[in-house]
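Structure first, then comments.
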Amino acid sequence: MARQRSSILPRRFYRRDSRVVAPELLNKVLLCRGAAGRIVEVEAYVGAIDPGSHAYRGKTARNATMFGPPGHLYVYFTYGMHWCANAVCESDGIGSAVLLRALAPLEGIDAMLVRRGERPPRELCSGPARLCQALAIDGEDDGADLVAADRGIRILDDGTPSPARAGCSRRIGLTKGVEHPWRWFVPDDPNVSRRTPPRFLV
DNA sequence: ACCGGGATGTTCT
DNA sequence: GAACATCCCGGTG
């Protein structure tokens with residue numbers, strides 16, 4: 001079967017529960033100004049019902065993008081030095097998003113090596129802050145519309161299906177909402193940020 | 001392999 | 001003042 005031409009994911013793709021969107025983002029392609037990688041690890045942050053989410057306590061200046069329309073990029077700063085990027089989900093007014101945790105590098109690897117320092121390819125994008133550094137995503141990109149390719153950032157469907165059986169586990173690095181199994185990853189991909197025993201496959 | 005600690009500064013209590 | 005959706009490095013086994 002011939003592979004279809006790459007297309008930008010439409011707004012309606014994001015306008016659903018982040019727990020549904022997250023596993024469907026696996027094997028899509030994040031493209032940012034010439035650098036690109038295939039999404040191999042994600043986490044869902046659900047909003048008002050999720051104590052692990054930035055949106056849990058309501059809208060603030062920092063998390064405002066999470067409460068905006070779906071299909072935009074929510075970028076936040078953490079641990080005094082790192083940026084992390086999410087795809088905003090659900091309808092306008094609901095704080096819901098998918099954290100992009102790891103990519104398999106596809107294009108612009110030379111630029112990634114300059115930004116991240118010389119290292120094995122599997123260490124370029126294997127973590128939410130690493131992938132932002134590799135693609136040069138920072139706070140300037142908060143709010144970028146992925147459907148309109150604002151700032152040259154978009155998510156493409158190149159015809160590669162999401163895994164028939166994605167790995168699933170608890171989310172990484174949280175102290176609240178730890179019990180929810182809302183992390184998904186491509187099994188056995190070397191770019192996944194951490195080897196975690198999957199509780200089940202979907 | 002695994003583990004502990006430090007970097008660094010914004011956000012929220 | 002504490003917490004933080006992290007990463008890196010240097011220790012030990």
Side-chain angles (χ1 to χ4, degrees), chain A residues 14 17-23 25-26 30 37 39-68 70 72-90 94-105 112-144 146 155 166-185 188 190-199:
Chain A
Y14 301 98
D17 190 299
S18 59
R19 293 165 291 188
V20 173
V21 173
L25 277 172
L26 294 176
L30 175 63
I39 298 169
V40 296
E41 179 185 351
V42 292
E43 286 175 354
Y45 288 84
V46 181
I49 67 161
D50 178 8
S53 171
H54 290 169
Y56 185 58
R57 287 178 174 75
K59 186 174 174 179
T60 66
R62 178 208 209 188
N63 66 20
T65 299
M66 279 187 93
F67 288 84
H72 290 241
L73 198 67
Y74 166 49
V75 182
Y76 67 89
F77 186 65
T78 193
Y79 287 104
M81 62 191 95
H82 298 303
W83 297 100
C84 295
N86 301 250
V88 174
C89 297
E90 280 281 4
I94 297 181
S96 169
V98 174
L99 175 65
L100 305 175
R101 285 198 55 92
L103 309 175
M112 295 183 190
L113 286 166
V114 170
R115 293 165 184 150
R116 293 271 303 127
E118 198 66 32
R119 67 186 68 239
R122 72 176 50 185
E123 294 178 18
L124 287 174
C125 299
S126 53
R130 289 172 171 182
L131 80 84
C132 282
Q133 187 182 22
L135 300 201
I137 292 170
D138 64 19
E140 297 287 305
D141 300 312
D142 181 44
L146 297 167
I155 299 179
C168 179
S169 77
R170 292 183 170 195
R171 296 175 292 182
I172 308 256
L174 305 190
T175 59
K176 288 168 290 193
V178 292
E179 67 278 14
H180 298 120
W182 293 340
R183 170 177 178 253
W184 291 268
F185 53 94
D188 301 320
N191 300 281
V192 167
S193 69
R194 290 186 33 188
R195 291 289 148 165
T196 300
R199 303 215 320 203

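Labels below follow one simple rule: chain letters A, B, ... track the order of the sequence lines, proteins then strands, and each chain is numbered from 1.
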Could you walk me through whether A:Leu113 and A:Leu124 satisfy the side-chain contact (heavy atoms from CB on, under 4.5 Å) test, starting with their C-alpha distance in whole Å, then the side-chain angles of each, then the deciding distance to 0.1 Å, before giving a yes or no? CA-CA 7 Å; A:Leu113 286 166; A:Leu124 287 174; 3.9 Å; yes
CA sep, side-chain torsions, deciding dist, call: A:Tyr74, A:Asn63, side-chain contact (heavy atoms from CB on, under 4.5 Å): CA-CA 8 Å; A:Tyr74 166 49; A:Asn63 66 20; 3.9 Å; yes
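Between the CZ atom in A:Arg119 and the CE atom in A:Met112 there is a gap of 13.0 Å [rounded to 0.5 Å]. Here the CG-CH2 distance, from A:Leu25 to A:Trp184, works out to 10.5 Å after rounding to the nearest 0.5 Å.
Under the salt bridge (charged side-chain N to carboxylate O under 4.0 Å, His left out) criterion, A:Asp17 pairs with A:Arg19, sequence neighbours left out. In this view, A:Arg116 and A:Gln133 satisfy the side chain to side chain donor-acceptor pair (under 3.5 Å) rule, not counting sequence neighbours. Listed by chain and residue number, nothing satisfies the salt bridge (charged side-chain N to carboxylate O under 4.0 Å, His left out) test with A:Arg122 (two or more places apart in sequence, or in another chain). In this structure, the side-chain contact (heavy atoms from CB on, under 4.5 Å) partners of A:Asp141, at least two apart in sequence or on a different chain, are A:Arg33, A:Leu73, A:Val75, A:Ile137, A:Asp138, A:Arg151, A:Ile153.
Counting heavy atoms from C-beta on, the side chains of A:Trp182 and A:Leu174 never come closer than 4.5 Å. In this structure, the side chains of A:Ser53 and A:Met66 come closer than 4.5 Å at one or more pairs of heavy atoms. You'll find the side chain of A:Tyr56 stays beyond 4.5 Å of the side chain of A:Lys176, heavy atoms only.
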Just distance, no hydrogens or angles: give the donor-acceptor pairs under 3.5 Å from side chains in residues 77-85 of chain A, sequence neighbours left out.
none

Can you give the donor-acceptor pairs under 3.5 Å from side chains of residues 41-51 of chain A to other protein atoms, not counting sequence neighbours?
from	atom 1	to	atom 2	distance (Å)
A:Glu41	OE1	A:Ser193	N	2.6
A:Glu41	OE1	A:Ser193	OG	3.0
A:Glu41	OE2	A:Arg101	NE	2.8
A:Glu41	OE2	A:Arg183	NE	2.9
A:Glu41	OE2	A:Arg183	NH2	3.1
A:Glu41	OE2	A:Ser193	OG	2.9
A:Glu43	OE1	A:Tyr45	OH	2.7
A:Glu43	OE2	A:Ile172	N	2.8
A:Asp50	OD1	A:Gly52	N	2.9
A:Asp50	OD1	A:Arg171	NH2	3.0
A:Asp50	OD2	A:Val46	N	3.1
A:Asp50	OD2	A:Arg171	NH1	2.8

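Interface limits on DNA chain B: the 5'-most and 3'-most nucleotides within less than 4.0 Å of chain A heavy atoms are B:dA7 to B:dT13. Taking a heavy-atom distance under 4.0 Å as the criterion, the stretch of DNA chain C touched by chain A extends 5' to 3' from C:dC4 to C:dC8.
Between the side chain of A:Asp142 and the main chain of A:Gly139, no donor-acceptor pair closer than 3.5 Å is present. A:Asn86 places no side-chain N or O within donor-acceptor distance of the main-chain N or O of A:Ala97, the cut-off being under 3.5 Å.
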Strand DNA chain C as a dot-bracket string - pairs counted if Watson-Crick or G-U with both distances under 3.5 Å, | where the partner lies in another strand: ||||.|||||||.
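The stretch residues 113-129 of chain A comes close to DNA chain C through A:Arg116, A:Arg119, A:Gly127, A:Pro128, A:Ala129, each having a heavy atom under 4.0 Å from the strand. Within residues 39-50 of chain A, the residues having any heavy atom under 4.0 Å from DNA chain C are, by residue number, A:Tyr45. For the segment residues 51-58 of chain A, residues with any heavy atom less than 4.0 angstrom from an atom of DNA chain C are, sorted by number, A:Gly52, A:His54.
Across A:Ala87 and A:Tyr14, no two heavy atoms sit closer than the pair CB-CE2, 4.0 Å. Closest approach of A:Pro128 to A:Leu131, counting heavy atoms only: O-CG, 3.6 Å.
Each of A:Met66 and A:Gln133 lies near DNA chain C, and the nucleotide nearest A:Met66 is the one positioned closer to the 5' end.
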